[in-house]
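Notes follow once the structure below has been shown.
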Amino acid sequence: GVKQEIPLTSFVDAKRDAADAEATVRAAGLVTAELDAERDVRAAFIRYRLAFEERALHEEHIRISEATIAALRAAQASGRATESDVSTAAVALTMAHADLYALDADDASARAALNTWMARPADAPLGPPAAHDDDDDHVEGDDDVAGDDARAIGGGPNGASIAGSIVDA
């Protein structure tokens, strides 16, 4: 038969190239997993901060709605407002309460996610998020988006440390 000799070095080179390619793929997978985790932490923190900041607005809306109902009832007693006016204000108050309950659910979900990322029990207490500093926002032309987001959540360059942004309750 016909014989063709293939140098051993070509097999070794091919095996090495395959191992290098596999290592590159694994490294890319790790980087992707780290970026996914960082994104999830950022999203949870943003949801947490948003719920925290919106709470004050909803509570104020409820106080205003309650005061409006009281004023409308007084006006109704003197004939300057109708039952329809009072009912409309009561519906607005009910909607404000519903918004607050939905916000509580969003807050609980974000707290659970943050606690999980910090390897704490999901229902562990969290204090208020650090105050938002507009100077840390991304500036057009600044390519350090990851750094901007990490600073916004109080983390280091990889954004994985969120504990510094949350004051323990």
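Contact detail for A92 and H61: the closest heavy-atom pair is O-CE1, 4.5 Å. Residues L126 and M118 approach most closely at CD2-CE, 3.7 Å, considering heavy atoms. Shown here for L114 and V41, the closest heavy-atom pair between the two residues is CD2-O, 4.1 Å. When every heavy atom of A113 is checked against every heavy atom of R47, the shortest pair comes out as CB-NH2, 4.4 Å.
Under a 3.5 Å cut-off, the side chain of R120 and the backbone N or O of P125 do form a donor-acceptor pair. Here the side chain of N115 pairs no donor or acceptor atom with the backbone of A112 at under 3.5 angstrom. Panel note: side chain D107, backbone A51; no donor-acceptor pair is recorded below 3.5 Å. At least one donor-acceptor pair under 3.5 Å links the side chain of T32 to the backbone N or O of A28.
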Would you please test L93 and H97 for side-chain contact (heavy atoms from CB on, under 4.5 Å) and show each step?
-> CA-CA 6 Å; L93 177 60; H97 279 291; 3.7 Å; yes
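Distance CD/E83 to OG1/T88: 9.5 Å, rounded to 0.5 Å. Atoms CG and OG1, on D99 and T94 in that order, are 11.0 Å from each other to the nearest 0.5 Å. Taking CG of L103 as the start and CG of L57 as the end, the distance is 9.5 Å to the nearest 0.5 Å. Rounding to the nearest 0.5 Å places CD1 of I64 at 12.5 Å from CD1 of I69.
A salt bridge links R63 to E60: at least one charged side-chain nitrogen sits closer than 4.0 Å to a carboxylate oxygen.
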